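The next block holds one structure in the form of structure tokens; read it before the comments.
We name chains A, B, ... by the order of the sequence lines, and we start the count at 1 in each one. Worth saying up front: this structure is predicted, and the values here are computed from it rather than measured.
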Amino acid sequence: MAKKKVKSLHDIEKLHQKLLSSRQNLKARVLICMTGCRALGAQDVCTEFRKQLKRLSLDKRVAVVETGCIGMCARAPVLLIEPHEYLYGGVTPEDVEEIISTTIQDAKPLNRLAVKQDGKPVVKIGDIDFYKRQDRKVLENCGRIDPGSIENAIECGGYVNVIRALTEKQPQQIIDEVTSSGLRGRGGAGFPTGVKWSFARKSPGDEKYLICNADEGDPGAFMDRALLEGDPHRVIEGMIIAAYAIGAGSGFIYVRAEYPIAVEHINIALEQARTFGLLGENIAGTGFNFDIEIRMGAGAFVCGEETALIASLEGKRGMPITRPPFPAESGYKGKPTNINNVETFANVSVILKDGAKNYSKVGTEKSKGTKIFALAGKVNNTGLVEVPMGTTLREIIFDIGGGIPGGRKFKAAQMGGPSGGCIPAAYLDTEIDYDSVQQIGAIMGSGGLIVMDENTCMVDVAKYFLEFVQSESCGKCTPCRVGTKKMLAILEKISRGDAKIEDLDLLERLGRDIKKASLCGLGQTAPNPVLSTLRHFREEYEEHIVLKTCRAAVCDGLVRAPCQHACPAGVNVPEYLALAAEGSLTEAANIIRRRNPFVSVCGRVCDHPCEHRCRRSEIDQPLAIRALKRYIADYMDDFDTPIARPTRGQAEVAIVGSGPAGLSCAYFLALMQRPSVIFEAQPIPGGMLSLGIPEFRLPKDVLNKEIGFILSHGVQLKTEERIDNAIDLLKDGFKAVFVATGGQRGKSIDIEGINLNGVIDALEFLRDRALGKGMDCSGKRIVVLGGGNAAVDVARSAVRLGAKEVTILYRRTRNEMPAYEEEIDGALEEDVKLVTLGIPKRIIGRGQTVCAVEFLKAELGEADIDGRRRPVPIEGSETKIQCDIVIPAIGQIASTESLNVSGGPELTKWGTVKVDPVELKTTVDSIFSGGDCVTGPASVIGAIAAGQKAAVSIDKMLGGNGNLPQDVGFSFTKPDEETLAQSPLRPEERNIPLEERKRGFAEVVLGLDRPLALAEAGRCLRCDLEK
Amino acid sequence: MLDKNMPEVAITINGKELIGRTGQTILELAAENGIDIPNLCHDPRLVPTGSCRLCLVDVAGRKGPVTACTSKIEPGMVVQTETDEIRAIRKTILELLFYEHRGVCTTCNENGDCTFQQYAYEYQISDEVFTKAETSEPKPNYTTGNEAIEYDLDKCIRCGRCIRICEEVQMDSALTFKERAAGVEVTTAFDIPLNESTCELCGQCISTCPTGALYERYAKGKGQCKDLRRTRTTCPYCGVGCQIDLNVNPKTNDIIRVTSSVGCIPNDGNLCVKGRFGIEFVGHEKRLTTPLIKRNGTFETATWDQATNFIAERLAKIKEQNGPNSIAGLSSAKCTNEENYIFQKFFRAVIGTNNVDHCARLCHASTVAGLARAFGSGAMTNSIDELKNAACIFIIGSNTSEAHPVIALNIKEAIVKNGTRLIVADPRRIDLVRFAELHLAQKPGTDVALINAMMNVIINENILDTDFVKERTDCFEELAEALKDFTPEKAEQITTVPAEKIRQAARIYASASTSSIVYSMGITQHTTGTDNVLSLANLSMLTGNVGKESTGVNPLRGQNNVQGACDLGALPNVYPGYQSVEDSKIRAKFEKAWSKKLSPNKGLTVVEIFHAVETGDIKAIYIMGENPALSDPNLNRTRKALEMVDFLVVQDIFLSETAEYADVVLPSACFAEKNGTFTNTERRVQRIRTAVPPPGEARNDWETICDLSTKLGYKMSYDSTGQIMDEIASLTPIYGGISFERIDSVGLQWPCPDKDHPGTKYLHKGRFTRGKGKFHAVSFKPPAESPGKKFPFVLTTGRQLYQFHTGTMTRKSAAINQISPTGYVEIHLEDAGKLGIADGDNVEVSTIRGKVSTLAKVTKNIEKGWLFMPFHFHEGPANMLTIDALDPLAKIPEYKACAATIKKS
């Protein structure tokens, strides 16, 4: 194409038409991302395409276009084929021949390279969730044109609207249009762009400047880079219009030197625009003069602040100055200057194309148009996402982003980069715009959106962002320079477990004062990540300080290995796994038993928080720690020998309740040579372990063997001895009492028909069965209400007891069910029906006997405090399930009868026992409490940990040092890299056949065999040895 | 800054209605009204930056607190400076600074004068809130090993004042911040040692530091501010007359440091390297402490009585044998007005001769002669402060930033902040060229040609001030006639300055609303010195740039009291106040006052005195505080004369090169040890005060002379120097209104004829001293000596920033010696290349009169064919080479041009 200068509006329109029609001659276009994907081999793919097409003489009819970012960066290198709109990821040169033959020649999709959605290939870009729900207006050309070709841009309409505006409109008209479009600055503060322009226009002076702020510095944000790399002409267009509107003759693009491709592409684009007469003197014959210079910044974050940027442009140290005067009055070289960021300029081109009115139809009342977010962190589809203002976080993260990897829980999203704040799950359904984000303590910022899951520690997050702003502070003003450093020092103290609770107040005070007193935006927002995490996750901070735990198992100073840290009982997982891998099972078990007597039990029913934190899941899958524990317990040689000398003599400590908490407490006291006696109201010991968990999950003999092991340490057990008043035990001469009475009764549900015959509480149902007086279910239709483990246990027990039909009715969806995933799977395999999104309305009786449950269908509404969406009943959707028995399983009530006496300790408003979280002391001296009666229904391992803690506290109170047996230093075997790399995948535990399962209460899970177990144990990365 | 011409603005601060001016900041208005808003990064000399954030105040309607130092007042503004919230934020900020500032007050020199310490006390800051940052071993920084300045990072609060004062006031830009965030620290560009940077060691950074992070290394551990006694006095170096405070530890009587107060006249708290770091000589161990009499070629200590009796005897005898005119006295531009008065009185009334002169002969004799002829008065016409507001400044033959550094600050400020246009005419590319619009590098000794050509342009282009010429001057026609053919092209051939540049310079100078000429030795130290001065007078009158504010012809005087020594008659032709000794009426007045018959004949000048020794006409020389053995031209000849003369008395503070030749040496008190007055270059009579006692038996010069006088039979006795000043005032009309009481806080500028006269800011307002200004048609004459085959270079001499005069004082300072250890000769890169001379090489420079060894400094700041040597160094003394050819009228020697050669040694 002849590089003829464009001399009029007519010229550019003609050129646009001509270029557009020349595309008709093409059979296909292969668009290959040559920006982000370049690092992952896109260039080779491109070369191979050209080679193959030439060989096939297709090179004239098929264009290979080197584009900017197409998106789906996780699948790089990515390419898109037009007109088929097929998107392929992870493409290698070896795939090229097949792509040409299948897709270009035969127009057929190549599924193996397609994006997978719910396990199925989705080949058309428009069908991929990631794209389907976006509204790509600003990114329209990104990945669709060759950024190195101005013809490509003009073909897509580039410059046409700009030249039309220059020709037909007065500057003020343009300002009015931009103002009425509602465009707000995309750099972060959201100042109305049109208003900003009018300030610069009104400012007196002949010499004015325009600056494009491309000093994108927020960690994880790269929308400006993508625009400059993928569609630089769009930014130049925006700048020309802005310059015309404010009356600027020269402009700068201030871009980070770390963006070499962006710099290269802008330089090419500027040169081409000049060659085409679209930049420089007398642009397209309109008489308007404007040229742009590119300046590279050296990567100081503060240079994104406009006054610091100007200082840097002027060749000074990039330090901000106090405003006023604003740049619009006195900016570059003291002249009126207007600064907008890249995305803002890119939006201007959308306004010119669609008109202000149409532009403002997208978005919310006060925030118009679309916004590009850089989706990063713990989310499946990372990359740039353009959505209308007002889209919810849930849509962005779950619908477009594909949710959190590994099925982990969403915890928070950091929005607006280091100046922004953390948005917790409760706001997942808030419509995101400038104002709503600010209300919840974050800022829109440039659109960085970092997703965090439950393995993210909020103290660590705050520390990370503060570390960033701290090191990027220019050092000019005191609060930012020293204050952030000091805040960081406090955070470091917290994460080491060295802080005091008052430090949180100091953090807040500092944060508040730094915000008020800092000179520029950097300092004024620097404390935001700390303040917002403190606001939404204060309890996590407190845990670090008081309990010295990091629930995400991240903070270095507190965490030896994440698995160990995640274990409430603090079991030294890495070392016992290492011993197990060597086949030393008894030694392995003894390490476990130094912190947890229930090896067999926990090998079967533990909710294994250790596995959730396992670092191996960052590589492939977490270690099967629970299964390994069971393997150790099942195959160890010497199960019964006590690990310490049994205690003798008069019991000093009375323990009320023989559940996991009570038994553990007695066990650990025994390890510290303190004799105790356990009082159990029921005829058999074990509490929930024996009376709540059905045998098919935890066989009686396994449990009894383990209880026997505990008792063999000299622990006395008195069954069928109910304690009505725990305080009296002190009068009886006990020096300390540990109350671990659990939660024996189910929560009742307040609906009509709850008292009908055939309604039975889940716990009662399970207990009766365990005590051998179980209900006969044969031929019955049973509905279980609830979604927890108890509900599933009941349902599966009922199946085994001969029920004809078992249905679980749950208010939300399966995703929100608290029961273990594998238990739900098991139940479904056993033909339990699962009805979700059903809210029980009433139980219908025939006479005094149950005949049906009526429920309202529901849909999910906004998030509640923990981010789970609330079920919202649908009016008039009443539905019935015919049944004979209804078993509510919606929670337990803490059993505190023995303490609910005169002179007894305080209870909480939820009816649980109030204790000091570290020492488990109640408000009455010498009375301790732990387990479900303190926490409400919780995990077995939690109860064991409570017993352990109580034992330590009691020992200390009685004059001991509270030292548990040493459990560290038994194995230092470092895994070698090669073995680790070649590890097999995490094994599945085998189950007994389905038919066998339904026939009785035999244990369902068989556990691992030796080869699988040893191999699995060898997958451990030994994070504990990294320090 | 407060501009009284701006409209008034009414605002409320803490409920009080206050009136300020548009452009004023909240902080300024508050301070003006006694409302104290704490601040650490603010210095009235600097552009506010709002970086410490301590001056935050609450302004109604503003979202958050704002910094008072950067916020301009606006009508109706309601400001609260002490709300609970504001005080809480300030406390946090102070706590943070306290955390960063790891210094300990107990061992800090600044203790007692530390702003930060005061606030820490006021806000009761505790270091408990934020545990102290870990102290580490002090790591090296840009001042490590520097003898002048020490930067202590642990005390630095990163307010940036040092950096800003270096950039905004000193315009030296030697300092910057490095690193970011909490790692920020002050350093030089590229982190090089201070003395290798552009730093001029002015110590302004120290003066503005609010915490003692920057300090004089010399002062460390020698006394804390809270214990120091401060004495306000006048700097003993150049003619600027900076007001300094000598900080003395009363326990040791040591001068610990030199400071200056912002707002003082004429230097506004600014000082240069010599004023700040050059005072070490006062307590130096080599000070003379007892009289010395030379016997058999060696000095022996003597009592005062022995010494003065001996002198009185010898002088009486010489006078008796050879007449009074066989005795000559050199008075001193370093001594006080009172001492100069007593000295010349002693010579005139007691010895009976007018053979009294001093080193002004060597610097501004041509100024006195030239300006007296043109205007009727030979002094700087205008004031230093007026330079700031001149529309154009024409600097010729003055390396202002090295010789008068504090005046250079005014000039730089004018250029950078007020848009003044600067023309520099100087053969060398001096530092001020950086600020100049035009640099005219005229060949040395061709000033008349240059100025004549400028006037030719002005007349030809009719940009002269015809009204002024008509009303206020005589002899214009002669001038115009003489200049007719003196075109820029003709001047180009003589001066090598392109004709077009001369035209531009003429146009800029003539067309500016106010143009001020600044000159110094480059003009005066020539055989054509008087002509040069006359030419400048011509130029100023031609364009009406004299007798008005911010204009004038402004010679910058080189010594602290060279103006005063001239004023007080230490000249062979005039009594105090430039009253001619040849005028019988005036002589009668003095004869009456001094009760003595006085000589009606002019005496000999400095160089003539030494020449007269050769002829045997002079038998005895009495030298008070001068060092001709190093300062005078053609040293071989001067030294020979010193050796030859029958009787030589030297009164000084050190055993100078000259004193070595003396028969009797008398120890003197120095400026810091005595009371009196100095008169600075802008004719301002200022006090000096006793800060420390003199060493040993050293005495005030005036007391020594009075004693001697008494012994010679003429009783001279005064209770105090103030009494001497009263006598001066009674006999000297231009000092008529001056008394110690009146100049106690701010000095007065003469003429000040009576007790009610406010002093004179600029001369010749409405009327020249001589009535009408007189043009002198001056024709160009080449220097006395021209380069030839054997001596192909033109050697010029001058000062450099760090050293002063013959180095007697400055070379006692460790700080100064470190940065300026020895002499050198500047040579152009290409010349050096041709001669195989590299930077730092040992070279030998010679003229027909002698040769010296020194080091080569290869540069491009000097033209090809030129050499420049500073004259301060006794090793390699430049004046061994200089010519003693004199200006016929002023008798000033031609230091600025002689023929020389150079070779590698």
Side-chain angles (χ1 to χ4, degrees), chain A residues 298-303 307-308 311 316-325 466-490 493 498-500 502-503 505-520 522-524 526, chain B residues 25 40-41 47-56 58 62-72 74 85-86 88-101 116 128-134 156-160 163 167 173 176-186 189:
Chain A
F301 182 64
V302 73
C303 287
T307 61
K316 299 179 191 152
R317 186 179 158 95
M319 276 184 162
I321 56 167
T322 317
R323 298 176 301 181
L466 199 68
E467 221 160 20
F468 179 84
V469 282
Q470 199 285 129
S471 65
E472 290 291 344
S473 161
C474 77
K476 180 172 181 173
C477 76
T478 314
C480 177
R481 178 182 72 248
V482 199
T484 54
K485 167 110 177 159
K486 204 50 235 174
M487 284 182 82
L488 184 61
I490 298 173
K493 245 165 66 176
D498 292 340
K500 296 181 300 233
E502 303 84 69
D503 284 332
D505 299 330
L506 190 56
L507 259 189
E508 270 178 337
R509 188 190 103 191
L510 263 178
R512 196 188 58 219
D513 286 350
I514 292 169
K515 278 172 77 90
K516 275 187 196 147
S518 288
L519 193 157
C520 84
L522 193 152
Q524 285 159 9
Chain B
T25 64
L40 283 167
C41 67
V47 178
T49 59
S51 65
C52 76
R53 316 303 287 170
L54 214 51
C55 71
L56 287 173
D58 190 67
R62 297 276 173 93
K63 218 168 121 196
V66 300
T67 40
C69 70
T70 60
S71 302
K72 301 263 162 74
E74 285 164 21
E85 190 198 14
I86 290 289
I89 293 176
R90 281 189 201 143
K91 190 165 178 175
T92 300
I93 291 168
L94 285 166
E95 279 165 356
L96 291 171
L97 286 173
F98 210 70
Y99 165 78
E100 183 175 52
H101 174 91
F116 182 49
E128 297 298 311
V129 182
F130 304 120
T131 37
K132 281 264 177 188
E134 327 68 56
C156 177
I157 57 163
R158 282 76 164 174
C159 63
I163 295 170
E167 183 180 328
S173 302
T176 182
F177 277 130
K178 71 167 179 182
E179 304 296 331
R180 285 203 289 238
V184 159
E185 55 184 88
V186 175

statement: Cut-off 4.5 Å, heavy atoms of chain B, and the answer for A:R512 is neither
message: Against A:T478, only a single residue in B:C52, B:C159, B:S51 fulfils side-chain contact (heavy atoms from CB on, under 4.5 Å); can you say which?
response: B:C52
Heavy-atom proximity to chain A below 4.5 Å, by part of B:E179: backbone
- request: State, to 0.1 Å, how close B:I89 and A:A517 come at their nearest heavy-atom pair, and which atoms those are.
  value: CG2-CB, 3.7 Å
- request: First locate atom CZ of A:R481, then atom CZ of B:R53, and finally report the distance between them rounded to the nearest 0.5 Å.
  value: 12.0 Å
- request: Let me know if B:K178 has heavy atoms under 4.5 Å from chain A in its side chain, its backbone, both or neither.
  value: backbone
task: Under 4.5 Å heavy-atom distance to chain B, tell me which part of A:K485 shows up: side chain, backbone, both or neither.
output: side chain
message: Are B:E95 and A:K486 packed together at the side-chain level, in the sense that at least one heavy-atom pair is separated by less than 4.5 angstrom?
response: no
field: B:T70 OG1 to A:I321 CD1 distance, which is reported to the nearest 0.5 Å
entry: 10.0 Å
- prompt: Under a 4.5 Å heavy-atom cut-off, does chain A meet the side chain of B:I93, its backbone, both or neither?
  reply: both
message: Under 4.5 Å from any heavy atom of chain B, what part of A:L519 do you find: side chain, backbone, both or neither?
response: both
- prompt: Measuring heavy-atom distances to chain A, does B:T92 have an atom under 4.5 Å in its side chain, in its backbone, in both, or in neither?
  reply: both
message: Given heavy-atom pairs under 4.5 angstrom as the criterion, report whether the side chain, backbone, both or neither of B:S71 touches chain A.
response: neither
message: Counting only non-hydrogen atoms closer than 4.5 Å, does A:R317 touch chain B with its backbone (N, CA, C, O), its side chain (CB onward), both, or neither?
response: side chain
Proximity breakdown for A:T484 and chain B, heavy-atom pairs closer than 4.5 Å: neither
- prompt: Rounded to the nearest 0.5 Å, what separation is found between the CG atom of A:D513 and the CZ atom of B:R90?
  reply: 12.5 Å
field: Any pair counted as side chain to side chain donor-acceptor pair (under 3.5 Å), so long as it reaches residues 467-476 of chain A, sequence neighbours left out
entry: A:E472-B:R180
- request: Find the distance between CD1 (A:I514) and CG (B:L96) and round it off to the nearest 0.5 Å.
  value: 6.5 Å
- prompt: Between B:P65, B:G64, B:P48, which shows the greatest number of heavy-atom pairs under 4.5 Å with chain A?
  reply: B:P65
field: Top of A:K516, A:M319, A:K515 for chain B proximity - count of heavy-atom pairs under 4.5 angstrom
entry: A:K516
